[in-house]
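Before any comments, here is the structure.
The basis for the numbers below is simple: all heavy atoms, side chains too, and nothing from hydrogens, waters or symmetry mates.
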Amino acid sequence: MKAAIIESVGKAVVGEVPDPTPGPRDVVVEVAACGLCGTDLHILQGEFTPTLPVVPGHEFAGEVVALGGDVRTLAVGDRVAVDPSLHCHECRYCRDGRGNLCERWAAIGVTTAGGAAQYAVAPAANCVRLPDHVRTQDAALIEPLSCAVRGYDVLRARLGSHVLIYGSGTMGLMMLELAKRTGAASVDVVDLNADRLATAQRLGVSGSAAGADELDRPQGWDVVIDATGNAAAIQDGLERVAKAGTFLQFGVADYATRVRIDPYRIYNQEITITGSMAVLHSYERAAELFAAGVLDPDVFISDRLPLTEYPEALDRFAAGVGRKIVVVP
């Protein structure tokens, strides 16, 4: 079958790989669409995945075309979205219900072959059936939405909070949509990319600017979310948190990224700094939110490119062009 392959650091190609075979509790999914994500760029840089080459793609949906012998919950022809999380269920974190921190953490499309291909294998337990009104090609958005839902689980945001989001790419926009629906008093967005910022304005923001100094909140924000992974944005965001406020590191930074903190201010103003890692007990909730229309796929998905153009799609994504880019086998 045809698949995208990250062969080595800095090199992505499209080629032929063996057709997948399901294990006893697995299914084979004919992929309808696979989203690109910042994690894919990290894999291209040699981060996150233990070995290369690998078929990337952890945001995907499609139709079940083959079943393992022990699968009883799905049938051939079911349309599904796939949670890529692969937890060991044995380490202390898994046993404590924190599988996203698994000591042997793995994920489809990161450590094992993923959905940037014609077919992909997934555990049946990781598949969520799609209702009739949800288009399969749009359902690649469910996985990033599940990460955003996890982010809001971590925040435990109070009603009436003033929220500042750095970045209006896919993840920043998803956090914007969730902030609007979780009782925020105001939601401001900062981004240097004017085209992406225009999308945030289209979705409805209290304020938007290229920098936080242009926004009128000198006392700071109750919740500050970084959705960029960019050191300069993170540093600025840490300094914008109001007293008793929370800073959420939601964007994925490079391993080498460093910022400064002011320990006395954190102590004296009771500021919380926290992070949100991937998906945790949030995928099915995200699927339900998606089915209920929390996101408009036609706004969020800017490019639908053929799988054969995967390397070009990565370049486009890395350049900050568009919003969510999906490849279609």
Sidechain-backbone polar pair: [X] side chain, [Y] backbone, donor-acceptor under 3.5 Å:
X	Y	value
N193	G320	yes
T111	A107	yes
E59	P144	no
D83	Y283	no
D254	T257	no
D315	E312	no
H133	A291	yes
S168	R196	yes
S282	S146	yes
D222	H162	yes

Checklist entry - How far apart are the C-alpha atoms of T136 and R79, what are their side-chain angles, what is the distance that settles it, and do they pass the side chain to side chain donor-acceptor pair (under 3.5 Å) test? => result CA-CA 7 Å; T136 315; R79 297 180 310 116; 2.8 Å; yes
Checklist entry - Would you call D138 and R304 a salt bridge, taking side-chain N to carboxylate O under 4.0 Å as the test? => result yes
Item to check | D226 side chain reached by F247 side chain, heavy atoms, under 4.5 Å | outcome: yes
Checklist entry - Would you say P84 and N126 make side-chain contact, with heavy atoms under 4.5 Å? => result no
Cluster check [X], [Y]: I/L/V/M/F/W/Y, side chain < 4.5 angstrom:
X	Y	value
V190	L197	no
V76	V28	no
L44	F60	no
V64	I108	yes
F300	V205	yes

Item to check | Test log, rule salt bridge (charged side-chain N to carboxylate O under 4.0 Å, His left out), inputs D303 and R316 | outcome: CA-CA 10 Å; D303 299 86; R316 185 174 178 83; 3.0 Å; yes
Next on the checklist: Among residues at least two apart in sequence or on other chains, which ones pass ring pair (Phe, Tyr, Trp, His ring centres under 6.0 Å) with H42?
Outcome noted: F48
Checklist entry - Which one of T246, L215, V241, I165 satisfies the side-chain contact (heavy atoms from CB on, under 4.5 Å) criterion with W221? => result L215
Item to check | Spatial distance of atom CD (Q269) from atom CG (D262) [nearest 0.5 Å] | outcome: 8.5 Å
Checklist entry - Mind checking what makes salt bridge (Lys or Arg N to Asp or Glu O under 4.0 Å) contact with R129, not counting sequence neighbours? => result D78
Does anything in [range] pair up under salt bridge (Lys or Arg N to Asp or Glu O under 4.0 Å), and if so which pairs, sequence neighbours excluded?
range	answer
residues 268-291	D153-R285
residues 97-111	E90-R104
residues 197-219	D213-R240
residues 169-187	E177-K180, E177-R181

Checklist entry - Applying the side chain to side chain donor-acceptor pair (under 3.5 Å) test to Y166, which of N230, T228, D191, D236 qualifies? => result D236
Taking all heavy atoms of [X] and all of [Y], pick out the closest pair and write down the distance.
X	Y	result
A12	P311	O-CG, 3.5 Å
A139	A81	O-CB, 4.2 Å
C34	G57	SG-CA, 3.4 Å

